[in-house]
A.B. asks: 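Got a structure for you, questions after.
Letters A, B, ... are given to chains in the order of the sequence lines, protein chains preceding strands, and every chain is numbered from 1.
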Amino acid sequence: MAFLQAIGHTFLNGVETLGRLILFALDGLLAIVRPPYYPRLILKQMIEIGYYSLPVVGLTAVFTGMVLALQSFTGFARFSAESAIPQVVVVSLTRELGPVLAGLMVAGRIGAAMAAEIGTMRVTDQIDALSTLSTNPMRYLVAPRLLAATATLPFLVLIADIIGIFGGYIVSIYKLGFNPGIYIHNTLSFLEPLDVISGLVKAAVFGFMIALMGCYHGFHSRGGAQGVGGATTNAVVSASILILISNYIVTELFFAR
Amino acid sequence: MNDRQPKIAIRGLTKSFGLKAVLKGIDLDIAVGESLVVIGGSGTGKSVLIKCILGLMTPDSGSIKIDGEETVGLNGGERERIMAKFGMLFQGSALFDSLPVWENVGFGLIAGDGKPRREAKEVALRKLAAVGLGPDVAELHPAELSGGMQKRVALARAIAREPEIIFFDEPTTGLDPIMSDVINDLIRKCVGELGATALSITHDMASARRIAHRIAMIYGGRIIWQGPVAAIDSSGNDHVDQFIHGRAEGPIKMPVRPL
Ligand SMILES: Nc1ncnc2c1ncn2[C@@H]1O[C@H](COP(=O)(O)OP(=O)(O)OP(=O)(O)O)[C@@H](O)[C@H]1O
Ligand SMILES: [Mg+2]
């Protein structure tokens, strides 16, 4: 009996949390379209999310491209398909690895930062203080972050794609002995616009998820430093999981038939 | 508008957290231009009371009328319109640590009244001067200030827009006796010269006597005594006597055990 009760309790809690999350997301979307707008804050977030994430995302991309070329070469040699490396690198990166790895890195960097900042503001009454100063916290804190993350991640992923392909190119040319002209030709002729577009759409979705989780967990943090720490962890973990789930869903929407 | 109508009228206000009932039926009126001080032990729900009035917490039941208008259950734009009448000094200051001091003070002027930043800064510098802080402090960030300085910045922020109603949650804790008296004067000025209605919370009886027209004591989730400040010494209420004289023995029992 107690066991069933526990299951029911957990289930109800889950439903309640999901409901609150959906309401929060809708509230955030409303806040984006309703004035007042805060262009300075949006710009600040875009710089924080885009510009300052470049080093970590770039490093991730270049090594991923490099290892992709290397792995494909040794793997494909088993069925004499080494020449497919340019195609494998470009398709894997633009469709999957670029957006997902960039998303996960940014989730760690930005999701955590957002949750910690907003969570601290919550537990020190700063969010309440905003309301007493004629400022809607959803519009001032949440909307700029949602907007900036959704708009910036596609650019970041585009750059990651290019850097990743470059990493694959370097390894293929200098280590595996490919001809540069043929490699570039194969890369470009095989690439379809939809490969890139689907990756960028994923990036926008991931950006939204990251900011949503950071803001949501920060907003609902309770009880001092420990609460903020918990909120930060939850933001990163839930954003990462949502990225992987929505990655499948977007892929399904684009390519399944 | 009827002059007799209280600025704030609270009836049967209750609020619980889980099983813990903090407010069990508060009835309280605050007249226009009056300075009311609420006293009461730590954890009796004073901060919760003002957060309920501000709409930062939703009460479980009861009514809160501001200028005769019911505010419990208001949301969105309506809530913002009521909120614009208030200034609030938070117990923990609640300064925005991403902004310099002057922008903290001028925040409401820029966000709420749409003042240009330059004008807001001038007002902010004047308000900072009124709480004894010079223009050099204005460019610092809150983290670079001492606790008492933060409190004064928060006070300047609360009064910057000259609101109709100002709430002070422990305005003098953490200040030295001289600065406390400066702040007491400032609060009296807000009420006397600007005609604001003030609700203050304090444990500092000297400060309470200086700033209050009327004092109310909260205990066990209710207002157990209220009266003019002159009557506080002859309240005839044991709880009040014990509190204002700071005695450990009396009807109010602290749940502590000897070492
Ligand atoms: N957000 C909250 N969640 C749960 N309990 C709360 C919350 N806020 C306040 N409480 C509880 O309500 C009670 C009253 O808190 P409140 O902050 O109003 O006390 P107070 O009278 O202002 O005390 P102090 O003089 O120490 O500031 C406390 O027991 C506290 O534990
Ligand atoms: Mg308090």
A.B. asks: Below 4.5 Å from any heavy atom of chain B, which atoms of A:Ile127 appear? Answer side chain, backbone, both or neither.
C.D. replies: neither
A.B. asks: As an exercise: rank A:Thr120, A:Asp128, A:Thr124, A:Asn136 by heavy-atom pairs under 4.5 Å with chain B and give me the winner.
C.D. replies: A:Asp128
A.B. asks: Does any backbone or side-chain atom of B:Arg161 lie under 4.5 Å from a heavy atom of chain A? Answer side chain, backbone, both or neither.
C.D. replies: side chain
A.B. asks: Of all of A:Glu117, A:Arg40, A:Met121, which one pairs up most often with chain B through heavy atoms under 4.5 Å apart?
C.D. replies: A:Arg40
A.B. asks: Which atom pair, heavy atoms only, marks the closest approach of A:Thr132 to B:Met83?
C.D. replies: CA-CG, 3.9 Å
A.B. asks: Using a 4.5 angstrom heavy-atom cutoff, name the option from B:Leu109, B:Leu54, B:Leu95 with the most pairs to chain A.
C.D. replies: B:Leu95
A.B. asks: Considering all heavy atoms of both residues, which atom of B:Gly112 and which atom of A:Ser134 are nearest to each other, and what is their separation?
C.D. replies: CA-CB, 3.6 Å
A.B. asks: Look at atom CZ of A:Arg34 and say whether more than 12 heavy atoms of other residues, nucleotides or ligands are closer to it than 6.0 Å.
C.D. replies: no
A.B. asks: Starting from the C-alpha separation in whole Å, work towards a yes-or-no answer on side-chain contact (heavy atoms from CB on, under 4.5 Å) for B:Arg157 and A:Leu133.
C.D. replies: CA-CA 9 Å; B:Arg157 181 174 75 179; A:Leu133 295 167; 3.7 Å; yes
A.B. asks: Using side-chain contact (heavy atoms from CB on, under 4.5 Å), reason through A:Asp125 and B:Gln91 one step at a time and then give a plain yes or no.
C.D. replies: CA-CA 9 Å; A:Asp125 284 342; B:Gln91 187 167 2; 5.9 Å; no
A.B. asks: A quick test of your reading: do over 12 heavy atoms of other residues, nucleotides or ligands sit less than 6.0 Å from CZ of A:Phe166?
C.D. replies: no
A.B. asks: Of the backbone (N, CA, C, O) and the side chain (C-beta and beyond), which part of B:Asp97 lies under 4.5 Å from a heavy atom of chain A, both, or neither?
C.D. replies: both
A.B. asks: For A:Ser131 and B:Leu56, which heavy atoms make the closest approach, and how far apart are they?
C.D. replies: CB-CD2, 4.0 Å
A.B. asks: Under 4.5 Å from any heavy atom of chain A, what part of B:Lys85 do you find: side chain, backbone, both or neither?
C.D. replies: neither
A.B. asks: If you apply the rule ring-ring contact (aromatic ring centres under 6.0 Å, His included), what do you find for A:Tyr140 with B:Phe96, and how did you get there?
C.D. replies: CA-CA 13 Å; A:Tyr140 185 82; B:Phe96 305 128; 7.2 Å; no
A.B. asks: Could you tell me whether A:Phe155 atom CZ has more than 12 heavy atoms of other residues or ligands within 6.0 Å of it?
C.D. replies: no
A.B. asks: Taking atom CD as the centre, does B:Glu144 end up with more than 12 heavy-atom neighbours from other residues, nucleotides or ligands that are less than 6.0 angstrom away?
C.D. replies: yes
